[in-house]
Amino acid sequence: MDNFQKEIDERTNLTSSNRFELLLFQLGSSPDEQKSELYGINVFKLREIVPMPTLTKAAGMVTPMMGMANIRGEIIPVIDLPSVVGCVPKTGLNILLVTEYARSTQAFAVESVDDIVRLEWSQVLAAESGVKSRNITSIARLDTDKSSNRLALVLDVEQILYDIMPASRNIEMDDNKTKPFKLKPGAVAIVAEDSKVARSMLDQGLKMMSIPAEMHITGLEAWNKIRKMAEEAKAEGRPISDKIAFVLTDLEMPEMDGFTLTLNIKRDEFLKNIPVIIHSSLSGSANEDHVRKVGADGYVAKFEINELEAAIHRALDSKKALNS
């Protein structure tokens with residue numbers, strides 16, 4: 001366990017272009033199919049792995065909440081992850097994955113931990129059309145061979161947390177601080193976000209700000225749309241700002257991550273002045289440092305609409321000042 005934890009600590013500093021590392025773990029088998037699937041989460045979201053400690057269960061706490069754990073002096077809620085996805089562990093819940101998502105810390109109980117694999121985001125495909133579970137955001141092909149059937153299901157932790165604690169995800173804007181956005185007529189925001197619940201919240205929030213937006217599930221899908229709009233703008237003899245007001249992107253997405261999407265925009269002479277705001281549940285100084293290195297114009301952690309609104313204003317105002 002100590003060696004495994006050391007490997008995780010080393011790998012959380014990885015900021016390779018369009019690459020990431022996936023922690024693989026087992027949750028047991030589904031009652032219907034009697035087979036075990038391999039699951040995964042991004043190592044960047046993992047704080048530590050610990051053996052299952054003694055839990056304290058609060059009054060009124062119901063499944064999938066198992067109780068509270070004292071991890072290094074911090075009281076952390078523990079979630080029965082097999083229960084969430086409909087699995088039955090064969091050997092019990094033996095391990096806690098302590099994770100940080102969008103300003104919150106929680107632990108997920110799992111049966112066992114298998115490995116850490118380094119993958120290209122091109123090896124990860126959006127799962128919305130091929131997987132029935134609302135808790136799976138993508139499918140990772142663990143081998144570079146496209147014919148390989150060695151796969152892992154990547155969990156949509158944002159959806160899981162939303163389902164368990166929906167009250168904490170309400171969207172409320174501070175009317176006293178809200179100021180209108182002055183976007184060019186016809187210009188839209190390009191949004192890249194693979195989590196269905198995060199996409200829904202962003203759509204709702206941008207509508208509250210009266211910002212027209214086009215939603216995309218992957219960074220590659222967004223990039224292809226941006227390139228198409230750039231070709232149209234060039235053909236019409238117009239600046240890209242006439243078509244794209246700004247780009248709002250998640251970091252971890254199938255096919256192309258937000259770091260690579262941002263780099264592609266900032267390295268293109270015609271596109272480089274498009275404001276890019278990164279909106280992510282990934283936290284930590286290493287990620288924020290890398291956000292600055294790729295040239296993003298803003299960074300905001302999920303999901304607080306007033307902070308998002310302020311980040312968009314800052315990015316747009318900064319570009320206006322540079323162009324004036």
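The analysis underlying the following values was restricted to heavy atoms, covering all of them including side chains, and did not include hydrogens, waters or symmetry mates. The residues of the chain are indexed from 1 along the displayed sequence. These figures come from a predicted structure and were not determined experimentally.
Pairing each heavy atom of Gly205 with each of Ile305, the nearest pair is CA-CD1, 3.5 Å. When every heavy atom of Met52 is checked against every heavy atom of Ala109, the shortest pair comes out as CE-CB, 3.6 Å.
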* Evaluate the criterion salt bridge (charged side-chain N to carboxylate O under 4.0 Å, His left out) for residue pair Arg314 and Asp297; output intermediate values, then yes/no. => CA-CA 8 Å; Arg314 285 195 299 271; Asp297 300 280; over 6 Å; no

* **Residue pair Glu231, Lys243: steps toward the salt bridge (charged side-chain N to carboxylate O under 4.0 Å, His left out) verdict** => CA-CA 11 Å; Glu231 291 172 2; Lys243 292 184 176 290; over 6 Å; no

* To do: Determine, stepwise, if the pair Thr99 / Gln106 fulfils side-chain hydrogen bond (donor to acceptor under 3.5 Å, both in side chains).
  => CA-CA 6 Å; Thr99 65; Gln106 53 282 309; 3.1 Å; yes

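Remark: side-chain polar atoms of Asn94 are paired, donor with acceptor, to backbone N or O of Glu111 under 3.5 angstrom. Although no hydrogens or angles enter the test, the distance criterion places no donor-acceptor pair under 3.5 Å between the side chain of Gln26 and the main chain of Ser112.
Once rounded to the nearest 0.5 Å, the distance linking OG of Ser195 with CG of Leu155 reads 11.5 Å. Put simply, CG on Asp115 and CG on Leu142 are 9.0 Å apart, with the number rounded to the nearest 0.5 Å.
With sequence neighbours excluded, no residue satisfies salt bridge (charged side-chain N to carboxylate O under 4.0 Å, His left out) with Lys228. By the side-chain contact (heavy atoms from CB on, under 4.5 Å) test, Asp242 pairs with Lys184, Arg238, Pro239, sequence neighbours left out.
At a cut-off of 3.5 Å, with distance as the only test, no side-chain donor of Thr249 or Glu193 sits close to an acceptor on the other residue. Side-chain contact check for Glu252 and Asn42: at least one donor-acceptor pair (N or O, by modelled atom type) lies under 3.5 Å. No donor-acceptor contact under 3.5 angstrom links the side chains of Asp203 and Ser200, judged on distance only. Side-chain contact, Ser122 with Glu255: no donor N or O sits under 3.5 Å from an acceptor N or O. No side-chain donor from either of Asn70 and Glu74 sits under 3.5 Å from a side-chain acceptor of the other.
Salt bridge status for Asp194 with Arg199: absent, with no side-chain N to carboxylate O gap under 4.0 Å. A salt bridge does not link Lys196 with Glu158: every distance from a Lys NZ or Arg NE/NH1/NH2 to an Asp or Glu carboxylate oxygen is 4.0 Å or more.
The side-chain heavy atoms of Leu23 and Leu97, taken from C-beta on, include a pair separated by under 4.5 Å. In this structure, the side chains of Glu48 and Ile71 come closer than 4.5 Å at one or more pairs of heavy atoms.
Residue Met229 shares its hydrophobic cluster (ILVMFWY side chains chained together at separations under 4.5 Å) with Val188, Ile190, Leu220, Trp223, Ile226, Ile240, Ile244, Val247, Met256, Leu261, Ile265, Phe270, Leu271, Ile274, Val276.
Annotation for Lys207: atom NZ does not count as buried by contact number, only 12 or fewer foreign heavy atoms lying within 6.0 Å.
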